[in-house]
Amino acid sequence: MRSPRICCLDLDTFFVSVERLLNPELIGKPVVVGGRLGSRGVVTAASYEVRTYGVHSGMSIVEASRLAPHAVFIPGTHGVYSGYTTRVREVLERYTPEVRTASIDEFYLDFSGCERLYRRPEHGDDDATIEATVRDMRQAIQRDVSLPASAGIGVSRRIAKMASRRAKPAGVYMVRCGEEWSFLAPQPVRAFPGIGPSTESRLQSAGIDTLGQLMTLPPGPRRSRFSGLAESVRAAAERRDRLGRERPAFREHGQFGSTLGSISNGCTFAEDIRDPSSVETHLLGLVDRVSWRARKRGVLARTVTLTLRYADFDTITRSRTGPATAETERLRATVVDLFRKNRTRRMAVRMVAVAVSNLVQPRPQLSLPLGAEPAPVSQAIDAVRSKHGFDAIKVGSTGGLRFHRTGIAPPAVASKT
DNA sequence: TCTGGGGTCCTAGGACCC
DNA sequence: TCTGGGGTCCTAGGACCC
């Protein structure tokens with residue numbers, strides 16, 4: 001069997017790089033993209049210049065500004081980033097049709113079997129052919145989209161992911177066929193994708209520090225606490241899953257028993273909110289947004305989940321499953337009911353979120369199931385939003401409308417509200 | 001110095017049915 | 001009246017990723 005060749009392509013300090021394209025004065029300066037200075041936000045991207053001061057993504061803005069007061073803090077230009085993601089993907093698709101967008105700044109490509117297509121006399125072997133192709137692709141992104149990227153290549157997605165980290169900044173790193181174990185073994189357990197702070201500390205207290213130690217834990221009938229994890233690491237060195245099945249390089253939404261995912265929106269308040277009815281108002285806005293996104297994607301949701309975070313960071317989730325719907329009013333009723341029944345503490349609320357999951361595609365039929373067909377008013381609102389964006393209209397708790405932009409004619413149906 | 005937002009996946013317990 | 005084993009679905013929480 002031919003060895004699988006997976007490439008992980010990662011855009012370097014993506015948000016910072018895009019901001020520098022928009023404003024070249026930021027080039028060479030320490031830049032932090034995140035929430036507003038003094039807000040409750042966290043760092044979403046930090047330039048290499050500011051990382052030397054200990055600033056990293058996920059850190060609170062307050063902490064970052066203490067470590068690097070001289071840095072330029074920008075809130076970020078939401079809405080423009082995904083356009084660059086699309087442009088990068090277009091470049092990648094020139095090299096292989098097997099491209100998956102994993103996140104706004106990360107892609108996986110399958111080059112398995114592409115060796116003959118790209119073979120040149122100067123390449124020594126198949127590995128060298130693929131590596132040269134990926135180097136060329138990386139340069140094409142720099143040339144055509146002006147964004148720096150790094151790429152890792154290996155036998156599985158996890159190996160490729162780890163290789164791409166080693167390639168940073170703006171490089172390519174290949175784990176050659178057969179060298180997977182020697183690549184993994186000396187690395188700390190935390191380097192493996194999927195092992196975070198919690199698992200790391202559990203492993204460490206059992207005296208396991210490196211992936212080599214973890215991989216050589218005996219498999220088999222006497223399963224230790226970590227044997228499943230050890231098997232995951234061993235599997236990453238080959239093209240199979242934890243249960244030994246050979247698996248496809250990529251899995252599509254809705255394929256192989258997977259689901260259509262979930263859609264969620266949430267918000268952390270600038271200040272904790274004590275008044276329940278004020279929290280409910282925010283919830284209604286979130287439901288509005290989530291249900292709109294579901295309708296845009298053409299899916300119905302069977303499960304609705306409310307997340308409630310109190311001022312002391314205690315966080316609860318409550319969900320309810322029922323008939324599939326994407327209708328705002330039905331979802332609003334469920335979420336408000338979940339909130340009223342489950343806000344048991346008197347404490348002020350810090351954050352709320354609404355998610356829909358258990359998504360299904362409406363079956364094509366003459367009469368749509370209840371909730372699949374938007375009410376006339378919703379339809380009119382959706383139409384305006386498709387043209388002008390979600391924020392063009394705000395729907396009040398009673399269904400009343402507010403137009404946030406001038407020059408938009410209210411839909412005729414909505415005028416009766 | 002408190003700790004975002006949008007996701008995925010896994011686990012464990014309970015209900016319910018056969 | 002007591003006693004089972006599976007399988008599936010639902011719920012809640014947690015770990016992790018970018």
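Below, chains carry the letters A, B, ... as their sequence lines are ordered, and counting in each starts from 1. Any value given below was found using the heavy atoms of this structure, including those in side chains, with hydrogens, waters and symmetry copies removed.
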Pick the closest DNA chain B nucleotide for Ile263(A) and for Phe313(A) by heavy atoms, then say which residue is nearer the 5' end.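 Nearest nucleotide further toward 5': that of Phe313(A).
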Would you say [X] places a side-chain N or O within less than 4.0 Å of OP1 or OP2 belonging to [N]?
X         : N       : answer
Arg190(A) : dC17(C) : yes
Thr317(A) : dG13(C) : yes
Arg302(A) : dC10(C) : yes
Ser319(A) : dC10(C) : no
Arg350(A) : dC2(B)  : no
Arg318(A) : dT11(C) : no
Asn265(A) : dG5(B)  : no

Can you tell me which nucleotide in [options] comes closest to the side chain of [X]?
X         : options                  : value
Ser262(A) : dT11(C), dT8(B), dC10(C) : dT8(B)
Thr321(A) : dC10(C), dT3(B), dG13(C) : dC10(C)
Glu106(A) : dC18(C), dT3(B), dG5(B)  : dC18(C)

Rounded distance (Å) that lies between atom [atom2] of [N] and atom [atom1] of [X]:
X         : N       : atom1 : atom2 : result
Leu286(A) : dG6(B)  : CG    : P     : 8 Å
Tyr108(A) : dC17(C) : OH    : P     : 11 Å
Phe192(A) : dC9(B)  : CZ    : P     : 15 Å
Arg165(A) : dC18(C) : CZ    : P     : 6 Å
Lys161(A) : dT8(B)  : NZ    : P     : 17 Å

When the C1' atoms of dT1(B) and dC18(C) are considered, how many whole Å apart are they? 23 Å
Would you measure the distance from the P atom in dT3(B) across to the matching atom in dC17(C) and give it in whole Å? 22 Å
Regarding Arg289(A) and Asn265(A), is there a side-chain donor-to-acceptor distance under 3.5 Å anywhere?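 Asn265(A) and Arg289(A) do not have a side-chain donor-acceptor pair below 3.5 Å.
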Would Thr328(A) and Ser291(A) count as having a side-chain donor-acceptor pair, cut-off 3.5 Å? yes
Arg202(A) near the nucleic acid: base, sugar-phosphate alone, or nothing, with a heavy-atom cut-off under 4.0 Å? nothing
Using a 4.0 Å heavy-atom cut-off, does Ile61(A) contact any base of the nucleic acid, only the sugar-phosphate backbone, or nothing at all?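 Ile61(A): no heavy atom of the nucleic acid under 4.0 Å.
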Report the base-pairing partner of dC16(B) (Watson-Crick or G-U wobble, both distances below 3.5 angstrom), or none.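 Paired with dC16(B), as far as the under-3.5 Å criterion goes, is dG7(C).
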How many angstroms lie between CD1 in Ile316(A) and OH in Tyr310(A), if you round to the nearest 0.5 Å? 4.5 Å
Just checking, Arg166(A) and Tyr173(A): is the charged tip under 6.0 Å from the six-membered ring centre and within 45° of the axis?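 Output yes; distance and angle both within limits.
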Is the positively charged end of Arg51(A) above the ring of Tyr53(A), judged by distance under 6.0 angstrom from the centroid and angle within 45° of the axis? no
